[in-house]
Amino acid sequence: MSHTRSNHGFYRVTQLFVWCYALIILFPFLWIAMAAFKRQIDILTSSFFFTPVLSNFEELIFSKQSSFFHDLLNSGIIAISSTAIVVLISAMASFTLLRMYVPRWLSVGLFAWAMLFHMLPPITFVSAWFTIFSELNLINTYSGMILAHVTINLPMGLWLMSNFLKEVPRDLYEAAAIDGCSNAATFFRIVLPLIRTGMIATAALIFIFSWSDFTIALNLTAKATQTVPVSIATFAQEFEIKYGQMAAGSLLSTLPALLLIVFGQRYIVKGLLSGSVK
Amino acid sequence: MSSVTLSNIKKSYGDVSVIQGIDLAINNGEFIVLVGPSGCGKSTLLRMIAGLESISGGTLSIGGDPMNDVHARDRDIAMVFQSYALYPHMSVRDNIAFALKMRGVDPARIEREVANAAEILSLGHLLDRLPRELSGGQRQRVAMGRAIVRHPKVFLFDEPLSNLDAKLRVQMRVEIRELHQRLQATSVFVTHDQVEAMTMADRIVLLNDGVIQQFGTPLELYDYPCNRFVAAFIGSPGMNFVDGTIEHEEGIAALSYGDGRRIELNPEMARLPAAGQAVTLGFRPEHLQPCAKGQGFETLITSIETTGFENYLYCEAQGVRMCALQFERLDCRVGDSIHLRPAADKLHFFDQVTGLRLESEAPLMRTAS
Ligand SMILES: Nc1ncnc2c1ncn2[C@@H]1O[C@H](COP(=O)(O)OP(=O)(O)O)[C@@H](O)[C@H]1O
Ligand SMILES: [Mg+2]
């Protein structure tokens with residue numbers, strides 16, 4: 001692509017930039033990945049050369065005290081349910097706000113509010129939620145956690161989905177209306193199939209937010225519903241910090257995200273870069 | 001099929017009035033073309049008929065039934081969009097069948113209708129393709145197919161040919177006309193192209209600034225434009241205009257323009273505007289012919305265009321520019337001077353102030369009808 005000398009120089013610089021960035025991201029990951037296969041003594045002495053062992057994973061998975069698998073299941077239930085709800089609500093909401101005759105001040109107001117809400121750190125809500133959820137017996141329940149995650153991630157979902165929705169040409173709604181579709185039929189038969197890649201991209205992002213949430217889960221869950229990030233943190237709260245098991249747990253917890261990226265990459269890139277139609 | 005009646009239809013967006021009281025009676029089975037410059041409100045008017053735009057005032061009825069408050073999906077109209085608006089995720093077959101499916105028509109009949117439409121539009125071999133796998137002309141046909149399977153009361157078209165290249169546009173123009181001959185469905189066709197209007201319409205509605213300028217057959221608009229706007233809009237290259245004053249001297253009428261130049265007018269003309277009246281004289285390029293010195297007026301050729309069979313001379317006289325159409329190839333060049341004379345019985349007069357046609361009755365020309 002680079003034809004001229006200056007272009008070539010620019011290309012070099014951007015390449016360097018990308019590699020530096022990759023290194024910054026990859027190095028800690030590599031460090032954790034290595035730690036997962038080290039013995040505690042190797043970690044504490046920071047030895048670079050070591051004999052890989054699987055003991056951390058064995059502890060994590062087979063030990064009687066470890067609830068890692070159970071926590072993984074909790075994370076899965078909460079992340080999948082809240083993601084599904086967020087994507088569905090935000091798709092329907094953006095359709096309503098952008099394509100039906102909603103007063104402008106209302107839709108603009110809602111989008112602005114959503115952005116403001118998203119800018120506040122989750123910790124600001126947590127104490128209020130704790131009080132409310134205690135009253136409603138929602139502490140340490142799946143419903144409570146799902147509700148909290150839906151609330152916190154809906155603004156992001158709304159913004160993303162509304163952008164994908166804007167790419168569906170207005171003519172199509174009108175053609176659908178003339179062809180005899182009600183609003184619901186237009187949404188399910190025309191809009192939904194066209195924003196599918198956008199929904200997949202949004203779902204992947206929301207899933208990862210929900211999966212990696214620590215603040216909310218720490219405060220609103222206990223043993224029964226605690227999620228993986230909380231579970232990983234517990235290794236550091238006892239008399240010693242079990243670095244090896246923490247690393248092994250972290251490594252395992254990235255698997256769903258990695259799988260999503262490997263299998264969903266096509267949709268995510270397509271969805272985030274080019275929108276859903278065309 | 002149905003008649004469509006608009007009475008005092010209005011549309012405004014906030015304080016801006018876009019359509020200012022339109023009265024129109026479209027007969028059953030008629031092919032109406034709505035033409036006008038860009039932004040004059042054609043689409044808005046069409047979309048009000050479709051039910052995609054609310055009606056700010058007046059009454060719309062289709063087949064005698066008031067439609068103002070009927071939802072688009074219940075009006076039983078079909079529309080072909082400029083963008084075609086095909087559903088990108090559905091095959092051609094599903095696109096065409098969609099409206100029937102939504103109305104719960106039984107599958108056997110849907111299949112028959114789709115096959116029939118595909119046959120009429122020669123889409124048979126494309127039924128399983130997706131819209132993005134079709135050429136512009138094919139998409140256009142699918143959009144037509146989607147409309148005809150419905151057997152709607154009214155067909156609406158919003159500039160459906162403007163995304164096609166020139167050759168295909170001419171071809172589709174003919175096809176749509178032939179389709180109309182065959183289906184005899186009431187149609188309203190919007191375009192900004194006066195050639196499309198002239199060639200396709202049973203009757204033309206010429207719109208400007210949300211007001212109907214003239215409603216009539218293509219030849220009525222061409223031969224008796226009722227104001228200067230219509231005269232200028234219909235025909236390409238457009239009508240020539242000369243502003244001047246009518247003079248009657250010794251029984252000879254003439255238009256005096258520029259610094260005292262005169263164009264003699266036919267003394268037999270039934271109703272010449274009164275002497276002293278400031279008028280705009282109009283004559284079409286094909287009615288401006290070379291003549292001997294001493295007759296007509298002298299002009300300077302500024303440019304010559306030829307298509308092989310038509311030759312357009314662009315000339316200037318006293319700061320007035322005009323165009324003459326010749327079918328014979330003249331031996332002249334840019335910079336030559338040439339004497340031209342408008343055919344005496346093909347003149348149009350318009351009021352300089354109001355732009356309205358003068359002597360509107362007793363037309364000068366009668367076309368064989
Ligand atoms: N939603 C709208 N809000 C405000 N003005 C509009 C809207 N839609 C159209 N207009 C105005 O109405 C006029 C007519 O538009 P339109 O019917 O699309 O013109 P045409 O199809 O003849 O080119 C234009 O001046 C346009 O700016
Ligand atoms: Mg238009």
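We name chains A, B, ... by the order of the sequence lines, and we start the count at 1 in each one. This is a predicted model, so every value here is computed, not measured.
Neither the backbone nor the side chain of Arg170(A) comes within contact range of chain B, judged by heavy atoms closer than 4.5 Å. With a 4.5 angstrom heavy-atom cutoff, Leu100(B) does not touch chain A via any of its atoms. Contact of Ala78(B) with chain A is made through the backbone alone, with heavy-atom distances under 4.5 Å.
The neighbour count for Gln181(B) CD, taken as heavy atoms of other residues, nucleotides or ligands under 6.0 Å away, is above 12. Within 6.0 Å of CD in Glu111(B) there are 12 or fewer heavy atoms belonging to other residues, nucleotides or ligands. Other residues, nucleotides and ligands place more than 12 heavy atoms under 6.0 Å from the CZ atom of Arg103(B). Residue-environment remark: CZ (Phe214(A)) exceeds the threshold of 12 foreign heavy atoms within 6.0 Å.
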> Which is it for Arg150(B) and Ile178(A) under the side chain to side chain contact (heavy atoms under 4.5 Å, CB included) test, yes or no, and what are the steps along the way?
Replying inline: CA-CA 11 Å; Arg150(B) 300 253 316 268; Ile178(A) 286 177; 3.9 Å; yes
> Checking side chain to side chain contact (heavy atoms under 4.5 Å, CB included) for the pair Arg196(A)/His89(B): CA distance, chi angles, key distance, verdict?
Replying inline: CA-CA 11 Å; Arg196(A) 207 188 68 210; His89(B) 58 298; over 6 Å; no
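Within residues 35-54 of chain B, the residues having any heavy atom less than 4.5 Å from a heavy atom of chain A are, in residue-number order, Arg47(B), Ala50(B), Leu52(B).
The two residues Ala177(A) and His71(B) have their closest heavy-atom pair at CB-CE1, 4.4 Å.
Of the charged side-chain nitrogens involved, none lies within less than 4.0 Å of a carboxylate oxygen, so that Asp179(A) and Lys101(B) do not count as a salt-bridged pair.
Among Pro193(A), Ala185(A), Cys181(A), the residue with the largest count of heavy-atom pairs under 4.5 Å with chain B is Cys181(A).
Every residue two or more places apart in sequence or in another chain that forms a side-chain hydrogen bond (donor to acceptor under 3.5 Å, both in side chains) with Glu30(B) is listed here: Arg203(B).
Taking CG from Leu194(A) and OH from Tyr87(B), the interatomic distance works out to 10.5 Å, rounded to the nearest 0.5 Å.
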